[in-house]
Amino acid sequence: MLPPSTDAETGSAIPPDEDYWRRHLDCAFSSVQAVFADCFTIAGAQWQEQELFAYVDAARFLCKLGRGAEPVMAFLEGWPEVAAAAGHDCIDPVLQWVAKIQRSPNGDVIGLFFQTLPAVTRALPNQILLRDYLDLLTDIAERSSTSIHGRHAILPSRALPEFIRLAAELLQKVNLEGLQTWAEYGLRYYASNPERQADYFALQSADSRAIFQEQRDGTLLRSHEREMDLYLRALWDEPAMLVPYSEAFDHLRRPQPYLDSLGMHLPDLYHDREGISGLDQYRLALAHLAAHRRYSQALLADNWSPFQRLYIEYFEDARVDTLILRRFPGLRTLMLQLHPHPEEDACDSGQESCVRHRLTLFSRAILDPEHGYQNPVLRQFVQRFHEQMLNSSGSTRSIAELALEYLIQTRLPSDSFAKIYFTDTEVSYRDDNRHLWQFIDGDQESEEESSRAETVSENEWTLVRHYPEWDYRSQHYLPDWVSLYEHLHPQGSASDILQILQKHAALAKRLERLLDMLKPQDRERLRRQEEGSDLDLDWALRSWVDYRCRQDVDPRINESFRHARRNLSVSLLLDLSESLNDPVAGTGSGTTILSLAQEAVTLLAWAIDRLGDPFAISGFYSNTRHELRYWHIKGFSEPWQDAVYARLAALCATYSTRMGAALRHAGHYLSGQSADKRLLLILTDGQPADIDVDDPDYLLADTRRAVLELEEKGIFCHCISLDPHADEYVRKIFGNRFSIIDRVESLPERLPEIFISLTR
């Protein structure tokens, strides 16, 4: 390749343009070319020209390996993060390892290796540790590859891809030395059984999990269980069952100690922390749980908002710790060592939510007389807290009232931001306070959801997010597997949407009558009540007849009233895959499914807007897992006006349907809406599919997993399918929450009707 040209007058180098870098890449894969500009823009913002040449040279080398586009895509997307963590110089040993593995039967793992490498370097953030990791991969490849005649390895290793897939997750729990010890066990004892060896490296066998847990350094609860039981009996007279739980294989969130009817639940292992032994951490955690059992009273959770519950939990924890110190003052030193001491101005309230930071400041100030914080409101409430606790132990309800006053006086608009400041806010010895709350309906409420309303601005153009994908065969998530590119949809002519509304004016009038029935009224009548403000004459008369006939009398003869309300947020997700360009059979006018979808979405949006429900519209299509395009058409806070009309008029369809990550991303925005009910509607004309997936059940299982994840967040998903044969697969994904429109030409009329029936 020719070097960059120079300016004839100044002699200075002219930076190469994008076409130059594309020629230098010399890669014919269309999928690589599609995302090269986005990836290169991210890299160009961080590196000098020499590093960029090395970056593109490495991508070019991978493109010529003959392993397809997968390794190139994974490298282009992930290498900026790897270089930031381990240094750009590590590119040489990585490429040397690739060249070596390419000459072995295990060359197919190169793509998987680059996919997981960013997560691995987060756990091994220097070049020396990364080299050791590469040596470990080489050792596993050489010792687990199968040789038929006992000389040269011919069959690829079944253990190596399983190890690479889980390496990042395992390195979060053990150091590299422990991981090597665990791997050595599998290589040694299952050398003659490749299938069991693969199960071992996939953490599917019981001995694999047992050996792995042994590699963690720290204090095991089971080694001191008798001692901890005597501690509770002697100092607190609170005997309880000690129930250990493991953090080694938790995939969703790190659990905290907690208290329930079964006993006191504690981690099975504590690492030494801040110079404090794991044994002392167990003692303090048990003291906190025992004090909760003695002094805390449960509150009715339905009476409090998530923000209020968070404040009450922090204040109640501070009250419990104060009572512990009143009884055992020697524990103060231990508490202060384990309690974080955040800087007063560490959180920027203009960029992120500082709720947890502000509450941790208060909690620290309660325990530490020399906290040094100067905020007048903070100091005032610390003084009021100590005054309230001066001559009594207080109560959970009284401290809750003080917590609510603190919430009122300190709350900021930024508290509802989605990005929350977590640094120095975790108090490791405290529990999750689940015992503080009683729920009327018996359901456990989810953790506090951020109430930030997502707004799409015209300046947002390309945002890259990575989502996991569920592999049903290994029963594990593939971390950062799907690259989602988020865009604001381009605009067309808003008049096209106005013409659609005029075309369906008669249908709109018919829908309007249905919408009037859905609008909340001032009061709603409740009949057949045992207690009420008025007599329900119809049922009272029936009861009187039953009484005279000497039959059982129904005592529900009263009626009452309640204020009706409608609190619903809706997100409409459109499948914009290539099949929407197909003409509708029987119309004879060249009408496509996409044009009917535009009409249907327009009428649905008009109906939702008339009801006053906040709603968002977005669309997606995919071109392998490396390129999932997510298009914002309308944000929750945007009005239903010309700008949205113009985006909706410009809809186009192409490529494939990778639905799981799109659902997760739509759910991410919908979960930020503070509504009683959150509805996610998916309009699609086929089952999840993509060109890089051969197993048809793979994306079905991932989409089903995404639906379950959203249900756990309180998001109701409903699929509207235009495929008359959708019963074969849509029930596997959405259960009974789906509708099938057999006649596509009826879509503009049926879609609003389905929405009305779901929200009636």
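Worth knowing before you read on, the calculation uses all heavy atoms, side chains too, and leaves out hydrogens, waters and symmetry mates. Not measured: the values here are computed from a predicted model.
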Can you sort out the partners of [X] under disulfide (SG to SG under 2.5 Å), two or more places apart, ordered by chain and number?
X: C90; answer: none
X: C717; answer: none
X: C27; answer: C63

So, are K419 and D348 salt-bridged, with charged N and O less than 4.0 Å apart?
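Answer for the salt bridge query: no.
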
Salt bridge or not for R143 and E184, using N-O below 4.0 Å?
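Counted as a salt bridge, because a side-chain N and a carboxylate O are separated by less than 4.0 Å.
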
By side-chain contact (heavy atoms from CB on, under 4.5 Å), which residues pair with [X], not counting sequence neighbours?
X: S577; answer: D575, S579, L580, T657, D685
X: S656; answer: S622, D690, I691
X: T41; answer: none
X: D135; answer: D132

With salt bridge (charged side-chain N to carboxylate O under 4.0 Å, His left out) as the rule and sequence neighbours excluded, what pairs involving residues 91-107 come up?
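Those involving residues 91-107 are K100-E142.
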
Near-ring test H668/Y630, centroid separation under 6.0 angstrom:
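Ring centres of H668 and Y630 not closer than 6.0 Å.
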
Do we see a donor-acceptor contact under 3.5 Å between the side chains of N106 and S145?
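Judged by distance alone, the side chains do pair up.
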
Measure the spacing between CG of D496 and CG of L648 and express it to the nearest 0.5 Å.
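So the CG of D496 and the CG of L648 are separated by 10.0 Å.
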
Sidechain-backbone polar pair: R22 side chain, Q33 backbone, donor-acceptor under 3.5 Å:
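Side chain of R22 to backbone of Q33: a pair is present.
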
For atom CZ of R196, is the number of surrounding heavy atoms from other residues, nucleotides or ligands below 6.0 Å larger than 12?
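Count not over threshold, so no.
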
Sequence neighbours left out, what pairs pass ring-ring contact (aromatic ring centres under 6.0 Å, His included) with at least one residue falling in residues 688-709?
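Residue pairs passing ring-ring contact (aromatic ring centres under 6.0 Å, His included), neighbours aside: none found.
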
Taking salt bridge (charged side-chain N to carboxylate O under 4.0 Å, His left out) as the test, write out the residues that go with R664, two or more places apart.
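With neighbours one apart ignored, the set is D702, E709.
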
Partners of R158 by salt bridge (charged side-chain N to carboxylate O under 4.0 Å, His left out), sequence neighbours excluded?
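E195.
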
Y200: partners by ring pair (Phe, Tyr, Trp, His ring centres under 6.0 Å), with sequence neighbours left out:
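So Y200 forms a ring pair (Phe, Tyr, Trp, His ring centres under 6.0 Å) with W182, Y185, Y190.
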
Of F163, W97, F75, the residue whose pairing with F113 passes ring pair (Phe, Tyr, Trp, His ring centres under 6.0 Å)
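Testing F113 for a ring pair (Phe, Tyr, Trp, His ring centres under 6.0 Å) against F163, W97, F75 leaves exactly one candidate, W97.
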
